[in-house]
Amino acid sequence: GLSTALAVFLGRRWFEASRDLASGRGISLEDVRWLASGSVFCAISIYAQAVLGAVPRHLDVWTIPHILWAFGVFTCVVLVASRALSRHSHLPGLLRPAMVLLVLVVLQFFLGFTTYIVRPEGLKTPGTGLYELMASLHHAAGALMMAASVVLVIRAFQYRHILQEGAIEPRSVEGTP
């Protein structure tokens, strides 16, 4: 989280945000507020999913809450990413993390399902090489999802701040000034 935030704050895109908002269609204040709130909820739900995933991994209990919450995370990511992609594909600061989140959530479902199918029976039972590979890839993809959601949160809040400070004139919902 912190390393991702530092990379966003120190990256080239941070300094180009005002220019991105000023060029093209911009974004409405209502949309950027929705994206900021939705991306925060996504980040929180992904973090909760990581916690729910650690419990069955280490204690061999509560597998069902992890599986059920995965559908909540999937829904949240699809809603936020589709909003960013459909309305704001002209803003690279929102487009890229939204696309990454969308691709990773599909990958996560595949990896999670595969990990569940090939998992060993019982706590501390040695797993197969395939299980260890799938579980490790599932964890790595979850960490990447968390990083992408942090990027989306920071950029949405940055755009919101720019619009609220009046540095750029926000667009109306219809896309006209």
Side-chain angles (χ1 to χ4, degrees), residues 1-53 66 68-112 137-177:
L2 182 58
S3 298
T4 303
L6 283 172
V8 172
F9 292 138
L10 298 174
R12 176 181 51 87
R13 177 78 38 215
W14 182 262
F15 300 102
E16 296 174 355
S18 294
R19 188 190 66 186
D20 288 345
L21 286 174
S23 67
R25 298 182 313 216
I27 188 170
S28 70
L29 192 54
E30 295 83 20
D31 271 350
V32 80
R33 284 181 180 152
W34 190 96
L35 281 172
S37 300
S39 60
V40 165
F41 185 74
C42 268
I44 291 170
S45 67
I46 291 168
Y47 183 78
Q49 181 67 352
V51 171
L52 287 172
H66 178 65
L68 292 177
W69 189 246
F71 290 100
V73 171
F74 181 85
T75 302
C76 179
V77 166
V78 168
L79 286 174
V80 171
S82 64
R83 177 91 173 230
L85 294 174
S86 67
R87 294 187 180 195
H88 312 296
S89 60
H90 60 284
L91 296 171
L94 296 177
L95 175 69
R96 290 180 185 134
M99 286 180 65
V100 167
L101 269 175
L102 209 50
V103 167
L104 285 174
V105 78
V106 171
L107 179 66
Q108 272 297 80
F109 262 85
F110 168 74
L111 292 171
L137 290 173
H138 185 63
H139 294 150
L144 289 173
M145 282 183 69
M146 188 69 216
S149 70
V150 167
V151 171
L152 193 58
V153 166
I154 292 170
R155 288 188 177 157
F157 274 92
Q158 179 189 22
Y159 288 168
R160 189 182 83 171
H161 176 74
I162 290 169
L163 293 177
Q164 285 179 335
E165 291 295 314
I168 302 293
E169 185 68 28
R171 307 289 186 200
S172 69
V173 176
E174 293 81 27
T176 58

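When reading the values below, keep in mind they use all heavy atoms of this one structure, side chains included, and skip hydrogens, waters and symmetry mates.
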Enquirer: List for me each residue that meets side-chain contact (heavy atoms from CB on, under 4.5 Å) alongside S37, sequence neighbours excluded, and say none if there are none.
Expert: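 By the side-chain contact (heavy atoms from CB on, under 4.5 Å) rule, S37 matches no residue at all.
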
Enquirer: For the backbone of V73 and the side chain of Q49, can you confirm whether one donor and one acceptor N or O come within less than 3.5 Å of each other?
Expert: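 No; judged by distance alone, with no hydrogens or angles, the pair does not exist.
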
Enquirer: For A140, give me all partners under side-chain contact (heavy atoms from CB on, under 4.5 Å), at least two apart in sequence or on another chain.
Expert: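 Scan of A140 (side-chain contact (heavy atoms from CB on, under 4.5 Å), adjacent residues dropped) gives none.
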
Enquirer: What closest approach, in Å, do V153 and S39 show between heavy atoms, and which atom pair accounts for it?
Expert: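 That would be CG2-O, 3.3 Å.
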
Enquirer: In this structure, are over 12 heavy atoms from other groups packed under 6.0 Å from Y47 atom OH?
Expert: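 Count not over threshold, so no.
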
Enquirer: Under the side-chain hydrogen bond (donor to acceptor under 3.5 Å, both in side chains) rule, what pairs show up with a residue in residues 139-162, not counting sequence neighbours?
Expert: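 Every pair satisfying side-chain hydrogen bond (donor to acceptor under 3.5 Å, both in side chains) with a residue in residues 139-162: there are none.
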
Enquirer: What are the two closest heavy atoms between A148 and P97, and how far apart are they?
Expert: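 Looking at all heavy atoms of both residues, the shortest contact is O-CB, 3.8 Å.
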
Enquirer: Roughly how far, to the nearest 0.5 Å, is CD of E30 from CG of L163?
Expert: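 Rounded to the nearest 0.5 Å, the CG-CD separation comes to 10.0 Å.
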
Enquirer: Any non-hydrogen side-chain atom of L91 less than 4.5 Å from a side-chain atom of L21?
Expert: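 They are in contact (side-chain heavy atoms under 4.5 Å apart), so the answer is yes.
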
Enquirer: If you define the side chain from C-beta out and look only at heavy atoms, does anything of W69 sit under 4.5 Å from F74?
Expert: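 No. Closest side-chain heavy atoms not under 4.5 Å.
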
Enquirer: For the atom pair CG (L52) and CG (L68), what is the distance rounded to the nearest 0.5 Å?
Expert: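 Separation between the atoms: 10.0 Å.
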
Enquirer: With a 4.0 Å cut-off on N to O distance, would you call E16 and R19 a salt bridge?
Expert: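 Yes, charged N to carboxylate O under 4.0 Å.
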
Enquirer: Out of curiosity, L102 CG to L107 CG, how far, rounded to the nearest 0.5 Å?
Expert: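 Reported value, rounded in 0.5 Å steps: 12.0 Å.
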
Enquirer: What residues form a side-chain contact (heavy atoms from CB on, under 4.5 Å) with V106, not counting sequence neighbours?
Expert: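 Per chain and number, V106 pairs via side-chain contact (heavy atoms from CB on, under 4.5 Å) with no residue.
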
Enquirer: For the atom pair CG (L79) and CH2 (W34), what is the distance rounded to the nearest 0.5 Å?
Expert: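 Reported to 0.5 Å precision, the distance equals 5.5 Å.
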
Enquirer: For V103, which residues count as a side-chain contact (heavy atoms from CB on, under 4.5 Å) partner, sequence neighbours excluded?
Expert: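 Not a single residue meets the side-chain contact (heavy atoms from CB on, under 4.5 Å) criterion with V103.
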
Enquirer: Quick one: are I46 and L101 in side-chain contact, heavy atoms under 4.5 Å?
Expert: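 Counting from C-beta outward, I46 and L101 do come under 4.5 Å.
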
Enquirer: Does A141 offer a backbone N or O that forms a donor-acceptor pair with the side chain of Q108 under 3.5 Å?
Expert: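 No: the side chain of Q108 does not pair with the backbone of A141.
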
Enquirer: If you round to the nearest 0.5 Å, how far is CZ of R87 from CG of L94?
Expert: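 Interatomic distance, L94 CG to R87 CZ, rounded to 0.5 Å: 13.0 Å.
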
Enquirer: According to salt bridge (Lys or Arg N to Asp or Glu O under 4.0 Å), does anything in residues 68-86 pair up with another residue at least two apart or in another chain? List the pairs.
Expert: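 Matches after skipping sequence neighbours: D31-R83.
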
Enquirer: Ignoring hydrogens, what is the shortest heavy-atom contact between V80 and C42? Give both atom names and the distance.
Expert: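 Here V80 and C42 meet closest at CG2-SG, 3.8 Å.
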
Enquirer: Within this structure, what is the CG-OG distance for the pair L95 and S89, rounded to the nearest 0.5 Å?
Expert: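 OG of S89 is found 6.5 Å from CG of L95.
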
Enquirer: Between A81 and A98, which heavy-atom pair has the shortest distance, and what is it?
Expert: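 That would be CB-O, 3.6 Å.
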
Enquirer: For a side-chain contact (heavy atoms from CB on, under 4.5 Å) check, start with the C-alpha distance between V32 and F157, then their side-chain angles and the critical distance, and finish with the verdict.
Expert: CA-CA 8 Å; V32 80; F157 274 92; over 6 Å; no

Enquirer: Does the side chain of L35 come within less than 4.5 Å of I27's, by heavy atoms?
Expert: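 In contact.
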
Enquirer: Over all heavy atoms of both residues, which pair between P92 and D20 is shortest? Give the atoms and the distance, please.
Expert: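 Here P92 and D20 meet closest at CD-OD2, 4.0 Å.
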
Enquirer: Heavy atoms, side chains only, cut-off 4.5 Å: are M145 and V77 in contact?
Expert: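 Side chain of M145 against side chain of V77, heavy atoms only: contact under 4.5 Å found.
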
